[in-house]
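Structure record follows, encoded as C-alpha cells.
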Amino acid sequence: MEDYWEKRYRNEGMIWGSAPSRTTYHAIDIFRKHNIKTILVPGSGYGRNTKAFSSIFQVDGIELSKDAIEIAMNWDQDTHFMQGSILSSIGRDKKYDAIYCFDLLHLFLSPERNILISNCIQKLNHPSLMYFTCFSDEDKNNGIGREIEEGTYEYKRNKFAHFFSEEDLREHFRGLEVIETGSTIETLHYRDNQNSEYTLRYIIVKN
Ligand SMILES: C[S@@+](CC[C@H](N)C(=O)[O-])C[C@H]1O[C@@H](n2cnc3c(N)ncnc32)[C@H](O)[C@@H]1O
C-alpha cells in the first residue's frame, strides 16, 4: 500500500485539493462539546483535514507516505506529523482525548482493520472519543469487481476496499459506547477541477 500512496502523492500532490472533508466540521462540534484538547489523525495524508482541527486543538498526524508528510508540513504547520504505520507501535507512549480517522479503515482486510482499531484504542485517554469514516455499502462501487473477503471488493484494478453496512461498522467497534452513526455524501475536489461523489458512513464512539 505504501508504494501506491507514495506514487499518488509524488505525481498528484494535493490529490483532493485543500478543502477538508465536511465531516471535520461535524467532528469539531462534537469534540468541543466533549472538551477535547488533543487529537490524533491516523492516515493524515497531506494535512487537508488536520488543518481544520489544528487552530483549535493540539493535533498529531500519523502518515505512511513521506511525500504526503512533506506537503503536510508546509500546508499545516500547527500539526505534528509522524511518518510510519498506525498498524505498528509508532507514537506508542502518547495518549489523546480523541482520534479522527478519515477513510483509512476500509483500505484494509479484516485482521488489519481490527489491529487499526485496537491500536487506536491504546492511544486514547479515558474518557475519549473516536470519529471514523469509511466507504458505505450504499456506495455505487459496492459489489463491483472481485470479492476478496466478505464485503471487500477489488473495485478498481489493484485497489480494493471494504464497504461497510451499519451493522458491520458497529460490530468493528463492539465494546465501545456508540454515540452516533450516520451516512453522508462526500464530494472530492480534484486538482483538475473534476469532482467525484461517494457515500460514506461515520461512527462516533466513546472509550
Ligand atoms: C484515503 S487516504 C486519506 C488521506 C487523508 N485522510 C485525506 O483525506 O486527505 C488514506 C491515507 O492513509 C495513509 N495510510 C495508508 N496506510 C497507512 C498506515 N498503515 N498508517 C498510516 N497511514 C496510512 C495513506 O498513505 C493515505 O495518505
Side-chain angles (χ1 to χ4, degrees), residues 1-28 39-54 59-76 79-92 94 96 98-123 130-136 139 141 152 155-156 158-164 184-191 195-203:
M1 190 184 303
E2 191 163 3
D3 275 2
Y4 171 86
W5 289 108
E6 224 34 289
K7 265 188 213 141
R8 282 206 70 181
Y9 289 120
R10 194 167 311 138
N11 296 333
E12 299 171 58
M14 294 175 86
I15 305 170
W16 310 285
S18 57
S21 162
R22 282 195 308 143
T23 62
T24 57
Y25 304 117
H26 185 217
I28 287 169
I39 303 179
L40 176 67
V41 180
S44 47
Y46 54 84
R48 76 184 176 107
N49 290 328
T50 58
K51 199 172 168 77
F53 296 120
S54 63
V59 186
D60 286 355
I62 293 180
E63 168 56 47
L64 206 54
S65 158
K66 277 196 202 104
D67 284 336
I69 290 200
E70 254 174 49
I71 304 170
M73 287 188 347
N74 265 319
W75 176 245
D76 176 14
T79 289
H80 170 64
F81 293 98
M82 294 173 270
Q83 203 238 322
S85 172
I86 183 68
L87 302 180
S88 73
S89 58
I90 184 168
R92 192 176 33 196
K94 191 160 171 193
Y96 300 86
I99 286 180
Y100 170 84
C101 189
F102 182 85
D103 283 6
L104 181 62
L105 186 61
H106 59 238
L107 299 178
F108 300 108
L109 294 176
S110 175
E112 285 81 25
R113 290 200 299 275
N114 290 326
I115 294 171
L116 167 59
I117 293 170
S118 76
N119 280 5
C120 284
I121 293 170
Q122 282 174 25
K123 294 181 190 307
M130 294 203 289
Y131 190 123
F132 270 69
T133 74
C134 56
F135 283 175
S136 164
D139 186 70
N141 282 319
T152 307
Y155 70 108
K156 287 182 184 167
N158 296 326
K159 196 174 179 206
F160 67 81
H162 186 73
F163 294 82
F164 287 81
T184 180
I185 303 291
E186 180 78 5
T187 307
L188 294 173
H189 306 279
Y190 293 93
R191 292 176 317 160
N195 291 338
S196 75
E197 286 189 341
Y198 64 98
T199 312
L200 64 68
R201 288 189 187 280
Y202 65 85
I203 187 165

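Side-chain atoms are counted along with the backbone in the values below, which use heavy atoms only and exclude waters and symmetry mates. Whatever order the structure lists ligands and atoms in, that order sets their numbers, starting from 1. Since this is a predicted model, take the numbers as computed values, not measurements.
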**Request:** Would you mind running through ligand 1 and noting each atom that sits below 4.0 Å from a heavy atom of F108?
**Result:** 16 (N), 19 (N)
**Request:** From atom 8 (O) of ligand 1, work out which of M82, M14, E63, R48 has a heavy atom at the shortest distance.
**Result:** R48
**Request:** Flag the pair T23 / Y100 as yes when at least one side-chain heavy-atom distance between them is below 4.5 Å, and no otherwise.
**Result:** yes
**Prompt:** With under 30° as parallel and over 60° as perpendicular, where do the rings of Y131 and Y202 fit, or are they tilted in between?
**Reply:** parallel
**Asked** Would you say G43 has any N or O atom under 3.5 Å from an N or O of ligand 1, going by distance alone?
**Response** yes
**Message:** Is there a side-chain contact between Y198 and L188 in this structure, where contact means two heavy atoms from C-beta onward sitting under 4.5 Å apart?
**Reply:** yes
**Proximal ligand 1 atoms for G84, defined as those under 4.0 Å from one of its heavy atoms** = 20 (N), 21 (C)
**Message:** With heavy-atom distances below 4.0 Å as the criterion, list the atoms of ligand 1 near G45.
**Reply:** 27 (O)
**Item:** Residue D103 vicinity, atoms of ligand 1 by number, heavy atom under 4.0 Å
**Value:** 1 (C)
**Message:** To the closest 0.5 Å, what do you measure between CZ (R113) and CZ (F108)?
**Reply:** 10.0 Å
**Item:** Within reach of ligand 1, part of N49 (heavy-atom separation under 4.0 Å)
**Value:** side chain
**Item:** Any N/O pair Y9/ligand 1 closer than 3.5 Å
**Value:** yes
**Complete:** ligand 1 atoms nearer than 4.0 angstrom to some heavy atom of L104 are 12 (O), 14 (N), 15 (C), 16 (N), 17 (C), 23 (C)
**Item:** Which segment of L64 sits under 4.0 Å of ligand 1 when only heavy atoms are counted
**Value:** both
**Residue pair D103 / E186, side-chain heavy-atom distance below 4.5 Å** = no
**Message:** Testing Y155, F132, F135 one by one against H106 for a ring-ring contact (aromatic ring centres under 6.0 Å, His included), which residue passes?
**Reply:** F135
**Prompt:** With only distance considered, is L87 within less than 3.5 Å of ligand 1 through an N or O on each side?
**Reply:** no
**Fill in**
The answer for which part of Y100 has a heavy atom under 4.0 Å from ligand 1 is neither
**Message:** With a 3.5 Å distance limit and no angle check, can you tell me whether R48 reaches the backbone of W75 through a side-chain donor-acceptor pair?
**Reply:** no
**Asked** Counting distance only, does the side-chain N/O of R201 pair as donor-acceptor with the main-chain N or O of F164 below 3.5 Å?
**Response** yes
**Asked** Using a heavy-atom cut-off of under 4.0 Å, does the side chain or the backbone of W5 touch ligand 1, or both, or neither?
**Response** side chain
**Message:** I want to know if ligand 1 touches W16 in the polar sense, i.e. an N/O pair below 3.5 angstrom.
**Reply:** no
**Asked** Are F81 and T50 side-chain neighbours, meaning at least one heavy-atom pair lies under 4.5 Å?
**Response** yes
